[in-house]
2 protein chains.
Amino acid sequence: MRVTIADVARVAGVSKTTASRVLNTRSEVDRSTAARVREVIDRMGYVPSSGALGPARESSRTIGMLVPSLTWPWMGEVVQGVVDTLEAAEFGLLLFTCNRGTESVERFTSQVSARAFDGLLVVEPENTLDMLTALHRKGLPVVLIDDRGHHPDFPYVTAANHEGGAAAARHLLSTGRRRPLVLTGPTRFGCVRDRLAGFRTTYAEHGHALDSGLVVESDFTEADGREAVRRMVREGRDFDAVFAHNDLGAVGAMAALRASGLGVPEDVAVIGFDDIPMAPLTEPSLTTVRQPMRRMGETAAGMLLARLAGGTATAAPVVLPTELVVRQSAPAAAG
Amino acid sequence: MRVTIADVARVAGVSKTTASRVLNTRSEVDRSTAARVREVIDRMGYVPSSGALGPARESSRTIGMLVPSLTWPWMGEVVQGVVDTLEAAEFGLLLFTCNRGTESVERFTSQVSARAFDGLLVVEPENTLDMLTALHRKGLPVVLIDDRGHHPDFPYVTAANHEGGAAAARHLLSTGRRRPLVLTGPTRFGCVRDRLAGFRTTYAEHGHALDSGLVVESDFTEADGREAVRRMVREGRDFDAVFAHNDLGAVGAMAALRASGLGVPEDVAVIGFDDIPMAPLTEPSLTTVRQPMRRMGETAAGMLLARLAGGTATAAPVVLPTELVVRQSAPAAAG
DNA sequence: CTGAAAGCGCTTACAG
DNA sequence: CTGAAAGCGCTTACAG
C-alpha cells in the first residue's frame, strides 16, 4: 500500500493539515513539529501523489512540446535545450508529434484541455496553426520555436535568418563568387523567405542581381538537393557557388557536384544553413550559417516558464544571432 | 470557468454517475440517454480534468522515458519509435535526461513515486543502475533499450550485437581482409563486448586470430576514433580494414585514413555499426551494421504497454536482427 | 437503466 | 502554531 499524507500525520501525531503544511514549507509551523514530520516523511518514504493532487493543484508542473519529427538532424539539440531548462526548474516535459493527421491533432487537443500540461512549446508541424491559435485563445500559453510561418500572434524565438542569408552572401562575394545558385527550402516557410531576402539584398547591394534561373526551391532533403543540382549542371547552368537553405541540401549539392566532376570549393563553393552535427564531418567539411539550436530550445523554454510565473502574456519575439562557420567547402579568401 | 462533469450532468438532466458512465462508455446506459449526454458534452466542449481524476484513476496513461542524451545521432529514431507507439495507444510520453548528476536522479525518482507515469523506458545513463533496480523492486514496470550493461533483471530489447559483429567479420573476410583494426566502444558496455566477441570468433573460425595490438578501445566519438586511427598509422601498424563499433567512430577513422593518404576502401576497408542518418552520405558512403533503432523504440514501448495491460512481469528479452548494409567504404567482393 | 452517497489524497479557508 | 471540516472533479460500490 502506498503511504499517504494521512499515514504520515498519524505516525507523526499531527493533523493532515499540519503535515500538508510542512510538505509545502509554509512558514506557520513550529520548528520542532516540522522537524518531526519531516523525519517521519523520510522514514516512511512518503511522496505526494501527483494524481491525487487533483483539484487543489493549479499547476501540473509539466509543459508540453509539439514537434513535427524527432529525426530531423537538429531536433535533438532543440529538445535537449528544452529539457535542460525545464529540469532545472523542476518541470517535466510531455512530448508529442502530430504525425497521424487529424486524429493525432484531436487527441493532442484533448490532452491540453485535460490540463496535462501548463504551457506548450511548438516547432510547428504542418496544418496545426488553426489548432494552435484556438488553444492560445483558450488561454494556453504557447511559445513557437523557429517561427516557420511568421505568426505575429505568438511569442516566438527564432534565428536571425535574414542576417544569416546576408552573411552567406557577404562571404561568397568576398571570395569572388558572382553567380550563386540558391537552393531554397519550401517557400511557405518564413525562415526560407528571410534567408533568401537577406542573401538577395546583399548581392544586389554589391551590384549583382540574382539570376532568377538560379533560384530553385527544394524540400530540405538531401535527395532533393542532389537532384536539383544535378539537373542544373546537366542543363549547363553557369554558377560558381551554392547557397543551400539547410545543411542536408548542401550535402546533397556536394554529392551532385562531385558526381559531375566539379570540385568543391575550386569550381563551386558550397554554403549550408543550420550547422548540424555532420557539417564538420563532411568531405570537404561544410561551411555553413550556424543556428544556435540548443539555445533556441533553452530560450523558448525560459520564455514559457517566465510566462507561467506571471510574466506578460505577449512577450516580444527573441531573435538569436546566427554565425557563419567557415570550413573547407567555402573557405575564406586567400591572404 | 472550466466545465465540469457536474455541469454536463445538470444540463443533460442526469446524475453525475450517469454522465461519468457515458464518458467511460460503460454498457449499462440507455442509448437515448447516452446520446443526449454525448450531445451536451460536445456542445459544452467538456473534457475530463486529468488532474482531478485524482484518486479514482489507476493509470496516468503516461509513460516515462529516461535517456542519457537526446543529441546522439540515433536517439531521435528511438524516441520517434516510442512516441509513435505510445500515441497510437493513447499514452503520453514524459521525457527525462539525468544529466545533472545526483540531483537529477533524485528529482527523477520523486516524479516516479508521485505516479507521474505508469512505466519507464530507459536507455541507461551512466550510474543509474542502482536507482533503476530500486524502482523496479518497488513495482515500477521498466523496459531497457539497448541493454548496455547486461542486466538480466530487466526486460529489454536490443540488437543482435554478436551476430552483427560476426556479419562484419564475414564481409571483411570475404573481401580478403585479414588484418582488421577493431575500434571498440567502451568495454563496460555489454553491446561492445558482444560485437567484439562475434567479430573475434568469426575471424578465429576462419583461422585468423585477431592481433591484440589491433584492438583499441575508443569512446564512441568521432574525434577519438580519428585520433586512435591516426596513432595506429603513425606507429606503423599494419592493417587492411577497420571495424568501428559505431558509425561516428568509423567516420573519424575515415578522416584519419584520408589525412594519412590511405585510400578507402582500396588500402583500408571501413565498416561501422548503427547506420546513422549520415552513414549513406559520407564520402565514400559507409558500409555498416544496421541497428533497427526505430523498431527498437517501438518494440520496447510495445513490451511496456503489454506489461501494463496485465502481461507477465518478466517478459523475455527481445533481440532484433541487425543487417549488414554494404556501401562504398567496404564494398562486396568483385565478381 | 439510474441515482444518492461515499471516498480517492490533498489543500485551504475558518476557527481557535 | 494547530486542527476539524469542507471541497476539488471524478468514480465506484450499493441500492433501487
Side-chain angles (χ1 to χ4, degrees), chain A residues 1-41 44-62 110-118, chain B residues 1-41 44-62 90 110-118 139:
Chain A
M1 280 283 34
R2 148 173 284 263
V3 9
T4 74
I5 199 174
D7 300 324
V8 171
R10 181 166 34 72
V11 174
V14 298
S15 68
K16 289 193 302 174
T17 311
T18 297
S20 172
R21 274 195 271 250
V22 353
L23 226 32
N24 298 285
T25 52
R26 292 241 182 291
S27 45
E28 69 270 29
V29 184
D30 180 83
R31 291 169 79 78
S32 69
T33 310
R36 182 154 40 94
V37 174
R38 243 187 290 275
E39 192 268 326
V40 173
I41 286 173
M44 303 183 74
Y46 168 74
V47 182
S49 152
S50 76
L53 261 183
R57 77 122 66 78
E58 15 35 277
S59 157
S60 58
R61 287 200 87 75
T62 298
S110 92
Q111 292 246 21
V112 183
S113 311
R115 286 248 185 92
F117 46 87
D118 298 342
Chain B
M1 277 284 32
R2 148 173 283 264
V3 9
T4 73
I5 200 175
D7 299 325
V8 172
R10 180 166 34 73
V11 174
V14 298
S15 68
K16 289 193 302 174
T17 311
T18 297
S20 172
R21 275 195 271 249
V22 354
L23 225 34
N24 298 283
T25 52
R26 292 239 182 291
S27 44
E28 69 270 26
V29 183
D30 179 84
R31 289 169 80 78
S32 70
T33 312
R36 183 155 38 97
V37 174
R38 244 188 290 276
E39 192 268 326
V40 174
I41 285 173
M44 303 184 74
Y46 167 74
V47 182
S49 152
S50 75
L53 261 183
R57 80 121 63 77
E58 18 32 276
S59 158
S60 58
R61 287 202 85 75
T62 298
E90 307 201 33
S110 91
Q111 291 246 23
V112 184
S113 311
R115 285 248 186 93
F117 46 87
D118 298 342

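Convention: sequence-line order gives letters A, B, ...; per-chain numbering from 1. This structure is a prediction, so every number in the text was calculated from the model and none was measured.
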### Query
Does a side-chain heavy-atom distance below 4.5 Å link A:Val8 with A:Val37?
yes
### Shortest non-hydrogen contact between A:Ala9 and A:Lys16, atoms and distance
CB-N, 3.8 Å
### Message
If you define the side chain from C-beta out and look only at heavy atoms, does anything of B:Val14 sit under 4.5 Å from B:Thr33?
### Response
yes
### Query
Within this structure, what is the CD1-to-C1' distance between A:Ile5 and C:dT11, rounded to whole angstrom?
8 Å
Just the table, please: protein N/O against nucleotides 3-6 of chain D N/O, every pair under 3.5 Å.
unit_1	atom_1	unit_2	atom_2	d
D:dG3	OP2	A:Ser15	N	3.2
D:dG3	OP2	A:Ser15	OG	3.3
D:dG3	OP2	A:Thr18	OG1	2.7
D:dG3	N7	A:Arg21	NH2	2.6
D:dG3	O6	A:Arg21	NH1	3.3
D:dG3	O6	A:Arg21	NH2	3.3
D:dA4	N6	A:Thr17	OG1	2.7

### Query
Picking from C:dC1, D:dT11, C:dC10, which would you name as closest to the side chain of B:Asp30?
C:dC1
### Message
For a quick test of reading the model, state the closest non-hydrogen atom pair linking A:Ala19 to A:Ile5 and the distance between them.
### Response
CB-CG1, 3.8 Å
### Task
Write down the atom of B:Val11, the atom of B:Met44, and the distance for their closest heavy-atom approach.
CG2-SD, 3.9 Å
### Query
Would you say C:dC10 has OP1 or OP2 under 4.0 Å from some side-chain N or O of A:Ser20?
no
### Task
Could you list the residues that satisfy salt bridge (Lys or Arg N to Asp or Glu O under 4.0 Å) with B:Arg36, not counting sequence neighbours?
none
### Task
Would you kindly give the CZ-to-C1' distance between A:Arg31 and D:dT2, to the nearest whole Å?
18 Å
### Summary
DNA chain D in dot-bracket form (Watson-Crick or G-U pairs under 3.5 Å, [ ] crossing, | inter-strand) is |||.||||||||.|||
